[in-house]
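Here's the structure we're looking at; comments come further down.
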Amino acid sequence: MRTQVAIIGAGPAGLLLGQLLHSSGIANVILEQRSGEYVLSRIRAGLIEAGTVDILDRAGVGMRLHREGLVHDGIEISFGSHRHRIDFRKLTGKSVTIYGQTEITRDLMEARAAAGAPTVYEVEGVSLQEIAGDRPRVLYRKDGVTAEIGCDFIAGCDGFHGVSRQTIPEASLRIYERVYPFGWLGILSETPPVSPELIYVSHERGFALCSMRSLSRSRLYLQCGLDDNIENWPDERFWKELKLRLDPEAAAGIVTGPSIEKSIAPLRSFVAEPMRFGRLFLAGDAAHIVPPTGAKGLNLAASDVYYLWQALAQFCETGSTAGLDGYSDRALARVWQAERFSWWMTSLLHLFPERSPFEQRLQRAELDFLARSTAAQIALAENYVGLPY
Ligand code: FAD
Ligand code: PHB
């Protein structure tokens, strides 16, 4: 088989790139190691920046998002038993949208099927060959049979544990990493949201987040230990702990119910530079990870893909490599802004076991300042709604 762009991974990054390339008449094939159903069953992001909505519109997959997504004009930060609203619309003129990553993925998969663009699911043993030359190839096995795709470019959209970044010689990558001493325990439940907007909670017992997927479905998170296990967290314990971390009014209004999904995610900051080696370009979690506190992971995957699409389209239309040569620097400039913001939100809101009493008081002083200062709120809001492309 031959194609112009071989895309590794059918997560949001790979599927969105495939759709944008298709809209520019650039042939592409997606290889995914899991089944389509498995990819759709992974509950992950839920908060979409306005810029990401624009890109989804450009890709022709924004219709259902505009119909079913919930537009949020602000969030609440809870500490010291009080909630403080950050009004995005007033402070920045922008809003964010609640629309699940699974829904975006479903919309992209359907659009891809309608366009007749090929995706090969359940592939094994993907290996990238001759990425430093002009004629890269991708080898894989499907149903035990080895196959090969010859292409002009490879897009590594295969997430943090994927093969693409690992194919780049170690000496050609610089890795920056921070692992946080806690994780997030998340549940999904068929219950109304705790409050109309997201509540980020900083509490002596640990961080909590009340989010949602719709007006009848809640997505809730608790800071937990790194060695914690979901068996230790029956639903009753989860709801009890959440109430303890919320302010009395929010706690009193909670509607509890059985969880329909429960998982623990570790928190990590990670960047691999540069995001290109020869004809291989990395995008999304394959190149970088942010802790979920700033809701930036999926949104960064979308901005990487937007830059990469522009660069590939420029090359295919004009033969110019300027966009491709500038891709890594352009994407990384935005990545590092999101890394800083996600690290800061995480540091501000979580309980760090190793912090001294002095550092704990500084953390509280920063929260008090945020609650009082319009300047501090604008800095948060500007980053949260998404920096310009
Ligand atoms: P992935 O979604 O990881 O997709 C990569 C794909 O590649 C997968 O389908 C995988 O199966 C496939 N793959 C891997 N290896 C191979 C291989 N060797 N061959 C072929 N295929 C392969 N982000 C936000 O913006 N907002 C949020 O609110 C938010 N909340 C989050 C909450 C949680 C609990 C978590 C865990 C994450 C959250 N994120 C959020 C982050 C977001 O989910 C990720 O950043 C996003 O999924 C990245 O998309 P991606 O396509 O780059 O990678
Ligand atoms: C989510 O709804 O899953 C979500 C929202 C905001 C975050 C992280 C996750 O910061």
Side-chain angles (χ1 to χ4, degrees), residues 6-18 30-36 38-49 51-52 70 72 75 96-102 104-105 108-109 119-128 138-142 155-167 183-188 193 197-200 207 209-214 217-221 261-268 270 282-305 338 341-342 345-346 349 384 386:
I7 300 174
I8 317 299
L15 287 164
L16 180 58
L17 179 64
I30 299 183
L31 297 178
E32 165 62 49
Q33 67 178 4
R34 304 287 193 167
S35 67
Y38 181 93
V39 171
L40 284 173
S41 72
R42 287 190 301 226
I43 308 296
R44 285 179 165 182
L47 194 130
I48 313 300
E49 296 172 0
T52 304
L70 304 175
H72 281 199
I75 53 168
V96 292
T97 302
I98 289 285
Y99 190 68
Q101 177 167 331
T102 43
I104 293 180
T105 308
L108 284 163
M109 281 179 176
T119 309
V120 190
Y121 285 99
E122 298 181 272
V123 298
E124 291 173 303
V126 170
S127 84
L128 316 185
V138 182
L139 297 178
Y140 64 96
R141 278 192 315 282
K142 170 74 184 169
C157 302
D158 47 352
F160 185 63
H161 301 287
V163 68
S164 300
R165 189 183 68 253
Q166 288 163 26
T167 306
W184 277 18
L185 165 68
I187 69 161
L188 193 64
E197 293 179 337
L198 271 58
I199 310 178
Y200 286 82
F207 170 83
L209 170 60
C210 302
S211 182
M212 65 196 74
R213 286 294 173 274
S214 69
R217 191 174 269 203
S218 288
R219 179 70 170 154
L220 304 157
Y221 298 99
E261 197 263 357
K262 192 181 282 168
S263 54
I264 291 183
L267 266 66
R268 183 194 298 271
F270 176 96
L282 302 178
D285 280 14
H288 42 74
I289 294 286
V290 285
T293 326
K296 289 285 164 246
L298 171 62
N299 292 299
L300 273 188
S303 56
D304 287 354
V305 161
F341 177 64
S342 305
M345 279 279 275
T346 304
L349 297 171
Y384 196 97

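When a ligand or atom number is given, it counts from 1 through the structure's own listing order.
Look at W184 and you'll find a heavy atom under 4.0 Å from some atom of ligand 2. Within the structure, ligand 1 lacks F160 among the residues with a heavy atom less than 4.0 angstrom away. Close to ligand 2: R44, with a non-hydrogen atom less than 4.0 angstrom away.
Backbone and side-chain nitrogen or oxygen atoms of L298 are examined, and one is located within less than 3.5 angstrom of a nitrogen or oxygen of ligand 1.
Geometric assessment of R213 against the ring of Y99 yields a negative cation-pi assignment under the 6.0 Å and 45° thresholds. Geometrically, K142 does not engage Y121 in a cation-pi contact, judged by NZ or CZ lying under 6.0 Å from the ring centre and within 45° of the ring axis.
Ranked by closest heavy atom to atom 7 (C) of ligand 2, the top entry among Y221, Y200, Y384, Y99 is Y200.
Residues passing the side chain to side chain donor-acceptor pair (under 3.5 Å) test with T167, sequence neighbours excluded: none.
Listed by number with element, the atoms of ligand 1 under 4.0 Å from a non-hydrogen atom of Q101 are 2 (O), 42 (C), 43 (O), 46 (C), 47 (O). Atoms of ligand 2 lying under 4.0 Å from at least one heavy atom of T293, given by number and element, are 10 (O).
Among protein heavy atoms, atom 8 (C) of ligand 2 sits closest to P292 O, 3.3 Å. With respect to atom 2 (O) of ligand 2, the closest heavy atom belonging to the protein is S211 OG, 2.6 Å. Protein heavy atom in closest approach to atom 19 (N) of ligand 1: V126 CG2, 3.6 Å.
When heavy-atom distances to ligand 2 are checked against a 4.0 Å cut-off, L198 comes that close only through its side chain, counted from C-beta outward.
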